[in-house]
Amino acid sequence: QVQLVESGGGLVQAGGSLRLSCAASRRTFRNYAMGWFRQAPGNEREFVAKIDWSGGRTYYLDSVKGRFAISRDNAKNTVFLQMNSLKPEDTAGYYCAAASAGYSSFSPEYWGQGTQVTVSS
């Protein structure tokens, strides 16, 4: 079992930045590919970014490429999502996810409780 706890959400003006963090409970954190998803009211949950166990490979939703950056610190069991040049359409609940099966297929079996990001125009 892996518990994931997100933090760092909040209210920011368009063009601003936020850094989300996700702390994992398990010392085998480095065995998991990690990712971020988001869900806006009335919408389905959508993939935002993922990162492999080493941090050497990342992949992003097209609409956030060049603005968001995912990273991880395996020594601290934490994954981050740096969000720059935020837009109102980025407003959503953001969820951290962990996948033991790896980076390529990325089918998470563990989810955090979410942190709200609201971008005002």
Side-chain angles (χ1 to χ4, degrees):
Q1 188 76 11
V2 178
Q3 292 183 325
L4 303 172
V5 179
E6 301 98 333
S7 61
L11 173 63
V12 64
Q13 288 188 331
S17 299
L18 285 173
R19 189 192 196 204
L20 305 184
S21 299
C22 172
S25 63
R26 197 159 180 174
R27 286 178 291 178
T28 53
F29 171 77
R30 66 182 296 117
N31 293 343
Y32 293 82
M34 300 295 297
W36 290 92
F37 289 73
R38 68 186 181 186
Q39 186 170 19
N43 291 354
E44 294 186 354
R45 187 171 294 187
E46 69 173 351
F47 164 83
V48 174
K50 64 178 179 178
I51 187 167
D52 73 353
W53 71 273
S54 70
R57 291 185 294 170
T58 59
Y59 186 80
Y60 298 92
L61 176 70
D62 282 348
S63 62
V64 308
K65 284 181 182 176
R67 300 189 298 121
F68 290 12
I70 188 171
S71 61
R72 66 190 294 163
D73 184 340
N74 286 341
K76 296 182 178 180
N77 291 358
T78 304
V79 62
F80 304 98
L81 186 68
Q82 178 66 44
M83 305 186 295
N84 299 326
S85 302
L86 282 162
K87 303 176 181 180
E89 52 263 43
D90 295 318
T91 295
Y94 281 72
Y95 297 85
C96 176
S100 62
Y103 171 85
S104 296
S105 61
F106 198 66
S107 297
E109 58 262 56
Y110 302 108
W111 296 86
Q113 83 288 350
T115 186
Q116 179 66 32
V117 171
T118 303
V119 184
S120 63
S121 57

Practice task
Taking the side chain as every heavy atom from C-beta outward, state whether Thr91 and Gln116 have any atom pair closer than 4.5 Å.
Solution key: yes

Handout entry: Phe68 and Tyr94 aromatic ring geometry - parallel, tilted or perpendicular at 30°/60° bounds
Key = tilted

Completion exercise
When rounded to the nearest 0.5 Å, the distance separating OG of Ser71 from CZ of Arg19 is 6.0 Å

Practice task
Please check if atom CH2 in Trp111 has more than 12 non-hydrogen atoms from other residues, nucleotides or ligands closer than 6.0 Å.
Solution key: yes

Fill in the blank from the handout: Shortest non-hydrogen pair, Met34 vs Ile70, comes out as O-CD1, 4.0 Å

Practice task
Nearest 0.5 Å please: distance from the OG atom of Ser54 over to the CG atom of Asn74.
Solution key: 8.0 Å

Practice task
Could you tell me which non-hydrogen atom of Pro88 sits nearest to which non-hydrogen atom of Ser121, and how far apart they are?
Solution key: CG-CB, 3.9 Å

Exercise for the section: Would you indicate whether the side-chain heavy atoms of Lys50 and Pro108 approach each other to under 4.5 Å? Expected result: no

Practice task
May I ask you to say whether Asp62 pairs ionically with Lys65, meaning some side-chain N is under 4.0 Å from a carboxylate O?
Solution key: yes

Problem - Donor-acceptor contact below 3.5 Å, side chain Tyr60 vs main chain Gly66 - result: no

Exercise for the section: For the pair Glu6 (side chain) and Gln113 (backbone), establish whether a donor and an acceptor sit closer than 3.5 Å, ignoring hydrogens and angles. Expected result: yes

Handout entry: Point-to-point distance, once rounded to the nearest 0.5 Å, from CZ of Arg30 to CG of Asp73
Key = 11.0 Å

Practice task
Might you point out which heavy atoms bring Tyr103 and Ile51 nearest each other, and give the distance in Å?
Solution key: CD1-C, 3.7 Å

Problem - 4.5 Å side-chain heavy-atom contact, Phe29 and Lys76 - result: no

Practice task
Count the heavy atoms of every other residue, nucleotide or ligand shown that sit under 6.0 Å from CZ of Arg67, and state whether that count exceeds 12.
Solution key: yes

Problem - Shortest non-hydrogen contact from Ser17 toward Gln82 - result: CB-NE2, 4.0 Å

Exercise for the section: Please round to the nearest 0.5 Å and tell me the distance separating atom OH of Tyr95 and atom CZ of Arg38. Expected result: 13.0 Å

Practice task
Please assess Ser100 against Glu109 for the test side-chain hydrogen bond (donor to acceptor under 3.5 Å, both in side chains), listing each intermediate value before the final yes or no.
Solution key: CA-CA 8 Å; Ser100 62; Glu109 58 262 56; 2.3 Å; yes

Exercise for the section: Could you tell me whether the side chain of Trp36 reaches within less than 4.5 Å of the side chain of Cys96, counting heavy atoms only? Expected result: yes

Practice task
Please check if Leu20 and Phe106 belong to a single hydrophobic cluster, counting links between Ile, Leu, Val, Met, Phe, Trp and Tyr side chain heavy atoms closer than 4.5 Å.
Solution key: no

Problem - Heavy atoms of other groups near Glu89 CD, more than 12 under 6.0 Å - result: yes

Practice task
Indicate the atoms forming the closest heavy-atom contact of Val117 with Met83, along with that distance.
Solution key: CG2-CE, 3.8 Å

Exercise for the section: Determine the minimum heavy-atom distance between Cys22 and Leu4, stating which atoms define it. Expected result: SG-CB, 3.8 Å

